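Heads up, the thing below is written out as structure tokens.
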Amino acid sequence: MIDVINPATEQVIGSVAAGSPDTVSGAVAAARAAQPAWAALPRTERAARLRALQEGLAAAAPELAELISAEMGAPLPVARKVQVGLPLATLQSMVELLDNPEVPETIGNSRVYREPVGVVAAITPWNYPLHQTVAKVAPALAAGNTVVHKPSEVAPLSANRLAELVRAAGIPDGVYNVVHGYGDPTGAALAGHPGIDLVSFTGSTAAGRKVAALAAANVTRVALELGGKSANVILDDADLAAAVKVGVANCFLNSGQTCTAWTRMLVPESRHDEAVELAAAAAAKYTVGDPSDPATRLGPLASAAQRDRVLGYIERGKRDGATVAFGGGEVPAVGYYVAPVVFAGVDPESVIAQEEIFGPVLSIIRYRDEADAVRIANATRYGLAGAVWSADRDRALAVARRMRTGQVDINGGSFNPLAPFGGIGDSGYGRELGPHGYDEFTAVKAVQL
Ligand code: NAD
């Protein structure tokens, strides 16, 4: 059994059974057996079942938000709006996609069809446990696949609740299967199982590398959604106050445990000190505390290991000569809390500017000119998200096009749950959400007439 710990109270709130490689094989067999009948259902029928799941999830939303907050520490408003709000939007988008009839592409004398891949292995992390799951399960099921899901051992309880809702929605047994366990051996057994047709993985780059190697032995397709070290490029003509305020909020969302977080704020040399002052003032508003207290903006980190990792990076930043412009405040004695930190004058080559910290830590970096800003933005192995701020939208767009990354927000452009989501480089490959996310779970077939 694996105990699940509430990171705010350090109390055990539940436990899950760790699956063995045999458990994984049983789940894969169940998914294989269920797949042909699920794929054979008319598109409208799969849409109806997913609509029922969406309605079930909507009805269970308040309870699910509390469960997710308890298992990984997100403040309740974040849990409601993001942790549960995004999965609702994703399910809705897949229902709408299925509501439109299938239109095969025509290329000369060929018709090109998108067919289910077969059995999908979904391996997910703890930071947005339900969102990362539904981002895989909804399109996979919509396209006619069945799924074996290995949730994070840190936050596994929401997957059990989802499985109950799947059954209540009339989705047949074997279509969505949950196997709990640690990455190794359970996740590894799943990734390397010959009965899997596609592994869709979200998590760290280190684990993603291992998953891809295991899948390669069976020539199994892989999609990897990995870490990030995204740059928020604030150009010299930008509204600095708005750019810094939104930038801090983006970096600290979910206590900094967001793969797309803009953890590097790039500012013109001449405006560095002004930006630091604004960022410190903004960070001071992020009250740390009990996730169920409405005044709280930063809950605990998800685990003791994650807290220790983040504290280690904060020490490393100080040792490497970055200035602490804000931070080090008091945190509750019980719970895996970390007070937010803003580092100023950060060397873009230093460890805190290169490695993913996954906590409420912002690095402010100076640049000389636009070319230097683009160079620094691109000088990490990651490429997941990013931002550009400028009074001139075309100028911002031109900079965005030069950034090596999967998505860029201009002047605070809002998150679009239908836009393709994913990275390049060490941030992985493959895309989730919207039509691109649906396509990820299909195989292309050309029929010549
Ligand atoms: P993690 O890599 O430790 O674990 C992710 C999942 O992989 C867990 O279910 C874990 O049990 C499993 N796993 C670990 N080792 C494995 C192995 N050898 N074989 C098979 N499965 C294995 O990541 P985490 O700590 O849970 O999550 C944080 C990381 O996830 C961060 O790096 C973050 O950036 C990344 N992330 C990326 C995205 C994205 O969409 N790009 C989204 C959220 C999180």
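Start at 1 and go down the list; that is how both ligands and their atoms are numbered. Just so you know, residue 1 is the first one in the sequence shown, and it goes up from there. Bear in mind that the values here come from a model prediction, so they are computed numbers and not experimental data.
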Quiz item: Counting heavy atoms only, which part of Thr124 comes closer than 4.0 Å to ligand 1: side chain, backbone, both or neither?
Solution: backbone
Quiz prompt | Salt bridge flag under 4.0 Å for residues Asp99 and Arg51 | solution = yes
Exercise. Measure from NZ or CZ of Arg297 to the centre of the six-membered ring of Tyr286 and say whether it is under 6.0 Å with the direction within 45° of the ring axis.
Key: yes
Quiz item: Is Arg366 salt-bridged to Asp347, going by a charged N under 4.0 Å from an acidic O?
Solution: no
Quiz item: Where on Gln257 is there a heavy atom closer than 4.0 Å to ligand 1, on the side chain, on the backbone, on both, or on neither?
Solution: neither
Practice problem: Could you list the atoms of ligand 1 found under 4.0 angstrom from a heavy atom of Ile123? | Solution: 6 (C), 7 (O), 9 (O), 12 (C), 21 (N)
Quiz item: Is Glu164 paired with Arg167 through a side-chain N to carboxylate O contact shorter than 4.0 Å?
Solution: no
Self-check item: Region of Gln306 engaging ligand 1 - heavy atom pairs below 4.0 Å
Solution: neither
Quiz prompt | Inter- and intrachain pairs under salt bridge (charged side-chain N to carboxylate O under 4.0 Å, His left out), touching residues 206-235, at least two apart | solution = Arg209-Asp426
Exercise. Would you check the N or O atoms of Trp126, main chain and side chain alike, for any that come under 3.5 Å of an N or O of ligand 1?
Key: yes
Practice problem: With heavy atoms of Lys150 as the reference, note each atom of ligand 1 found under 4.0 Å away. | Solution: 8 (C), 9 (O), 10 (C), 11 (O)
Quiz item: So, Thr186 and His180: side-chain donor and acceptor under 3.5 Å apart, yes or no?
Solution: no
Exercise. Output yes when the distance from some N or O of ligand 1 to some N or O of Thr202 is under 3.5 Å, and no in every other case.
Key: no
Quiz item: Got Ser230 and Arg264 here, is their nearest side-chain heavy-atom distance under 4.5 Å?
Solution: no
Quiz item: Under 3.5 Å, N or O to N or O, is Ser204 touching ligand 1 that way?
Solution: yes
Self-check item: Close-contact set for ligand 1 against Ser152 heavy atoms, below 4.0 Å
Solution: 9 (O)
Exercise. Within a distance under 4.0 Å of any heavy atom of Gln132, pick out the atoms of ligand 1 and give their elements.
Key: 42 (C), 43 (C)
Quiz item: Short N/O distance, under 3.5 Å, between Tyr182 and ligand 1?
Solution: no
Practice problem: Go through ligand 1 atom by atom and flag the ones less than 4.0 Å from a non-hydrogen atom of Asn127. | Solution: 43 (C), 44 (C)
Quiz item: Does even one non-hydrogen atom of Tyr128 get within less than 4.0 Å of ligand 1?
Solution: no
Practice problem: Carefully, step by step, assess Phe358 and Trp126 under the rule ring-ring contact (aromatic ring centres under 6.0 Å, His included). | Solution: CA-CA 12 Å; Phe358 231 52; Trp126 44 258; 5.6 Å; yes
Quiz item: Any N or O of Thr205 that comes nearer than 3.5 Å to an N or O of ligand 1?
Solution: no
Quiz item: At a non-hydrogen distance cut-off of under 4.0 Å, which region of Phe201 contacts ligand 1 (side chain, backbone, both, or neither)?
Solution: side chain
Exercise. Report, in ascending order of atom number, the atoms of ligand 1 lying under 4.0 Å from any heavy atom of Gly187.
Key: 19 (N), 20 (C), 21 (N)
Exercise. Could you tell me whether Pro151 approaches ligand 1 through its side chain, its backbone, both or neither, with non-hydrogen atoms closer than 4.0 Å?
Key: backbone
Quiz prompt | 4.5 Å side-chain heavy-atom contact, Ile68 and Val84 | solution = yes
Self-check item: Check: His193/Ser25 side-chain N/O donor and acceptor closer than 3.5 Å
Solution: yes
Exercise. Let me know which of Val408, Val374, Val233, Val388 forms a side chain to side chain contact (heavy atoms under 4.5 Å, CB included) with Arg402.
Key: Val374
Quiz prompt | Lys/Arg N to Asp/Glu carboxylate O, Lys136 vs Glu440, below 4.0 Å | solution = no
Quiz prompt | ligand 1 contact by Ala191, heavy-atom criterion under 4.0 angstrom | solution = no
Quiz item: Taking atom 29 (C) of ligand 1 as the point of reference, which of Pro125, Cys259, Gly203 owns the nearest heavy atom?
Solution: Gly203
Quiz item: Which option out of Ala189, Gly430, Gly183 puts a heavy atom nearest to atom 16 (C) of ligand 1?
Solution: Gly183
Exercise. Flag Leu226 as yes when one of its N or O atoms lies below 3.5 Å from any N or O atom of ligand 1, and as no otherwise.
Key: yes
Quiz prompt | Per-atom contact, atom 25 (O) of ligand 1, protein heavy atoms, under 4.0 angstrom | solution = yes
Self-check item: Side-chain H-bond candidate by donor/acceptor type, Asp22 with Ser20, under 3.5 Å
Solution: no
Quiz item: Would one find an N or O of Lys210, backbone or side chain, under 3.5 Å from an N or O of ligand 1?
Solution: no
Quiz item: Numbering the atoms of ligand 1 from 1, which are under 4.0 Å from a heavy atom of Ala188?
Solution: 19 (N), 20 (C)
